[in-house]
Amino acid sequence: MTRYAIYISIFASTVTLAIGLVIKEFLIPTVGVGILGLIWAISYTRNMYWVAAPEFALFTIISAISIWGGISSWLAFACVQFSLIAWDLTIFIQRLQITNNKDDHSKMERMHFIQLGLLAGLSFLGVFATTRLRVNLTFGGAAILAMLGIWGISALVYRLRRHEDDIDV
Amino acid sequence: MSRIALLAALIYIIFLAGIGSLNGSVLRLALPLGLYLLAGLWRGPEKLNLSAERTLSTEQIRPGESITVIITVTNHGESLDQVSLHDPLPDFLEIFEGSNNRLVRLPAQDSLSWSYSVRGRRGSHTFNGLSILAEDSLGLVVKRTFLPTRGQLLVLPSVARVRHIAIQPRQTRVYSGIIPARQGGTGIEFFGLREYQIGDSPHHINWRLSARQDNLLYSNQYEQERVADVGIVVDGRSRINNFCDRSSIFDDSVLAAVAVSSALLSDGNRVGLLVYGDRARWTSPGYGKRQRERIMLNLALAKTGESQNFKSLFIPRRMFPTNSQIILISPLHSDDLPVLAQLRVSGYPLMVISPDPVSFEVRRLGNRDSVKLAARIARLEREIMLRDLRGLGIQVVNWNTVIPFDQAARASLSRPITFLRAIQREGRQ
């Protein structure tokens, strides 16, 4: 099931970005995105799981750049969301391979899909909310907000990395 | 690059690009990534508080038999979304049923119990504990721990049944057994004649000889049968047991040692063992089933190694007095000749059971012409070495390991060497 979900996510992220680029008549970038998607799918079939991380990063960066090019922010968001799911599932399937217990597989898959679904839903709601909200800020207010944002992300990353790979004996 | 670092880098890039270009649509792309990171922090394990218990269905098995390992893991702390449990196993054990790995969710104050079966080759394994890897369900925050558990498994060597090993040491012990003691007394085999003494059974009087003598009676004497001291030396030097393709003839030596020791102990002899491998492991001489178990245990733990110098092979006389039987089980090397000659000179009757390393290796190297030629040369060298050993008065059994040991032993060890030589001479005539 996870395997199919990975293929679907790769396909969806490639297609959403490609559609956005085609609409704006960026034909060469469209072909490039198609090739990237194809490489991702093929490398996955050949168990080259490490490809998922650079592909995810590339798709995210291309989506951000494409917004400047004028493609729909919804299509860019969908591309980032699907590539995030594909990357996450690629790592998840490696964890699943630790065990050959089918019962464990189905339980963990179900839990993981529920959690991913919730996250995707929340992201969608968040993005939807931002399209409805309009806030006019002064330059100083925007700068403070930006600094607060950077500090918040840094604090989050610091906290996560502090807990990463601790060894209790 | 860790997953958190990748996500953080992407969020920073998007954030800076969004702020720099004053474009809210770009900033929106950071939302799924930020939520993903937050979910990791929210559900990530803080501190692991687990305990584990292991139960083995039995502690000793034979090759081919399986053992069930039951593991119970209890979570005394907070709920864990994703826990990977791994029970490390050595190479010589293979999983027969179930799995030694689990990937589960462990709710708070809950426990998980599972079992798997293993079987394997000869060896010993101490189950030290379980490797635990706890993560949030997205795999961002990882915590590892090792839960100690107790348990030891011993896979005993295979047993080839050999009914009798004919040995003729010069010295025997006082207890009756089945080894000819070279002394007259009660027994089965005719030993000699002596003058009749009061108390001799009339059945033992040699009437034919007595009839020819005036006023004298003669009694038959029979050879006493007693138990003997036997020392089995298993050669575990890696340079002669292990081959380049990681195969080893040592297991065949162990199999032979088990068969020989079992046969000699069941005949009532006092048997001791020396395994000469990673270190010299002695099993003091003893009798009976308990001694058999001790020898099996020692052989189960035996490994090849080079820590000992075979040239200094020392047989303690308080364990094996001079003239007691020594049985060396070794693939042999031409350098060993002086050591064996020295043992022979020291007064030990020596029997060498040699698993044939040439045939063993040739089977693995294929049927090429170069291999055939090399094998021919190696066989000739080996034949010369074995002939030299026989010349020293050492009984040598060259065992091609393709033939089961019980068959090889029946052909070469079930009768005394003198009997076998006589048959060979008769065959040649």
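Sequence lines set the chain letters: A, B, ... in the order given, protein chains first and strands last, and positions in each chain run from 1.
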Please look at [X] and chain A and tell me whether the side chain, the backbone, both or neither of the residue comes under 4.5 angstrom of a heavy atom of that chain.
X        : answer
B:Phe15  : side chain
B:Glu135 : side chain
B:Ile14  : side chain
B:Leu10  : side chain
B:Leu85  : neither
B:Leu16  : side chain
B:Ser84  : side chain

With chain B as the partner chain, list the residues of [range] whose heavy atoms fall under 4.5 Å from it, by residue number, and write 'none' if nothing qualifies.
range                       : answer
residues 19-33 of chain A   : none
residues 46-78 of chain A   : A:Ala53, A:Phe56, A:Ala57, A:Thr60, A:Ile61, A:Ser63, A:Ala64, A:Ile67, A:Trp68, A:Ser73, A:Ala76, A:Phe77
residues 105-132 of chain A : A:Met108, A:Met111, A:His112, A:Gln115, A:Leu116, A:Leu119, A:Leu122, A:Ser123, A:Gly126, A:Val127, A:Thr130, A:Thr131

Under the ring pair (Phe, Tyr, Trp, His ring centres under 6.0 Å) test, which residues partner B:Phe360, sequence neighbours left out?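 B:Phe360: ring pair (Phe, Tyr, Trp, His ring centres under 6.0 Å) contacts with B:Phe243.
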
Beyond-backbone contact of B:Leu31 with A:Val80, side-chain heavy atoms, under 4.5 angstrom: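 A side-chain contact under 4.5 Å is absent here.
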
Heavy-atom pairs under 4.5 Å with chain A, option from B:His86, B:Arg28, B:Arg105 with the top count: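 Of the candidates given, the most pairs with chain A belong to B:Arg28.
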
Minimum heavy-atom distance A:Arg95-B:Ser137, with the two atoms named: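 The pair with the smallest heavy-atom distance is NH2-O, 3.2 Å.
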
Output the distance between atom CG (B:Asn101) and atom CD (A:Gln97), rounded to the nearest 0.5 Å.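 B:Asn101 atom CG to A:Gln97 atom CD measures 12.0 Å (nearest 0.5 Å).
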
Residues, nucleotides or ligands: over 12 heavy atoms within 6.0 Å of B:Arg150 CZ: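 Not more than 12 within 6.0 Å, no.
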
State whether the number of non-hydrogen atoms from other residues, nucleotides or ligands found under 6.0 Å of A:Phe11 atom CZ is greater than 12.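 No.
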
